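Note sheet for the following structure.
Predicted model, so just to flag it, every value in this text is computed and none were measured.
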Amino acid sequence: MLNIKVAELLNDQINKELYSAYLYLDFSIFYEQQGLDGFANWYMIQAQEERDHAMLFLKYLQQNGEKVELGAVEKPDKKLSTLMDPLKAGFEHEQYVTGLINNIYAEAYAEKDFRTMQFLDWFVKEQLEEEKNADDMIKKMELFGNDSKGLYSLDSEYAARVYSAPSLVL
Ligand code: FEO
């Protein structure tokens, strides 16, 4: 059994990751409507990755004999008007998620819950990658997004992204 507070935060994280999936699905829909299928593909895959993250938290709780309770997933509420909006909202969101992971880690650390800390190590690294990817997308859009050829090239790059299952297996 895990410490009650740690278990509660891990359970909440399932909801946060599912919200992330929902948010990125919303971004994917936005780009598809703009005719940018590559950006839409990138966020569709990102949504799948977020669902995977949720499943990892769920499985970890189950492996530890903890009760899992699912809450309602909020409606994505980011205002999307320009092509840059999802990219900036995505970066901010990943910074927020990093804070959530760090918060669970701090609680596990305080409880000397080394098992949960080890489990979370993968997410700590993953958040570095998530923030870097989001930041790179903003920079590339700033550099190339105002030119139609540049935008086409970016869209082609994002169209090439393929889904791969998470390297963490529980
Ligand atoms: Fe599950 Fe994008 O962090």
Grouping ILVMFWY residues whenever side-chain heavy atoms fall under 4.5 Å, the cluster of I45 otherwise contains Y163
Backbone of E94 reached by a side-chain donor or acceptor of Q127 within 3.5 Å: yes
Might you point out which heavy atoms bring S28 and A40 nearest each other, and give the distance in Å? OG-O, 2.7 Å
Please tabulate, for the side chains in residues 147-155, all donor-acceptor contacts under 3.5 angstrom to protein atoms that are two or more places apart in sequence or on a different chain.
residue	atom	partner	partner atom	Å
D147	OD2	K149	N	3.2
D147	OD2	G150	N	2.7
D155	OD1	G38	N	2.8
D155	OD1	F39	N	2.9
D155	OD2	G38	N	3.2

side-chain hydrogen bond (donor to acceptor under 3.5 Å, both in side chains) with Y43: which residues, sequence neighbours excluded? none
Kindly say whether K5 contributes a backbone atom to a donor-acceptor pair with the side chain of E107 at under 3.5 angstrom? no
Can you tell whether the side chains of K139 and D135 come within less than 4.0 Å, N to carboxylate O? yes
Single-linkage hydrophobic cluster L36~L25, side-chain heavy atoms < 4.5 angstrom: no
By side chain to side chain contact (heavy atoms under 4.5 Å, CB included), A89 pairs with (sequence neighbours left out) F27, K78
N41 side-chain N/O to R161 backbone N/O, donor-acceptor pair under 3.5 Å: yes
Going only through I, L, V, M, F, W and Y residues with side-chain contacts under 4.5 Å, is there a path from L128 to L87? no
For E74, is the CD atom crowded, meaning more than 12 foreign heavy atoms sit under 6.0 Å from it? no
Partner set under side-chain hydrogen bond (donor to acceptor under 3.5 Å, both in side chains) for E50, not counting sequence neighbours: Q46, H53
Hydrophobic cluster partners of V169 (side-chain heavy atoms under 4.5 Å): none
Hits for side-chain hydrogen bond (donor to acceptor under 3.5 Å, both in side chains) against Y109, two or more places apart or cross-chain, chain-then-number order -> none
Kindly assign one of parallel, tilted or perpendicular to the pair W42 and Y158, based on the angle between their ring planes and the thresholds 30° and 60°. perpendicular
Please enumerate all residues that pass side chain to side chain contact (heavy atoms under 4.5 Å, CB included) together with E142, with sequence neighbours excluded. M84, K88, I138
With sequence neighbours left out, what residues match E69 under salt bridge (Lys or Arg N to Asp or Glu O under 4.0 Å)? K67
Heavy atoms of G90 and Y24 approach each other most closely as O-OH, 3.6 Å
Holding to side chain to side chain contact (heavy atoms under 4.5 Å, CB included), I want the full list of residues that pass it with Q63, two or more places apart in sequence or in another chain. L170
Pairing residues for E129 by the side chain to side chain contact (heavy atoms under 4.5 Å, CB included) criterion, not counting sequence neighbours: E126, N133
Does Y60 use its side chain to pair, donor to acceptor, with the backbone of T116 at less than 3.5 Å? yes
Could I get the full list of side-chain hydrogen bond (donor to acceptor under 3.5 Å, both in side chains) partners for E111, not counting sequence neighbours? N3
Output for pair (I104 CD1, F123 CZ), nearest 0.5 Å, gives 8.5 Å
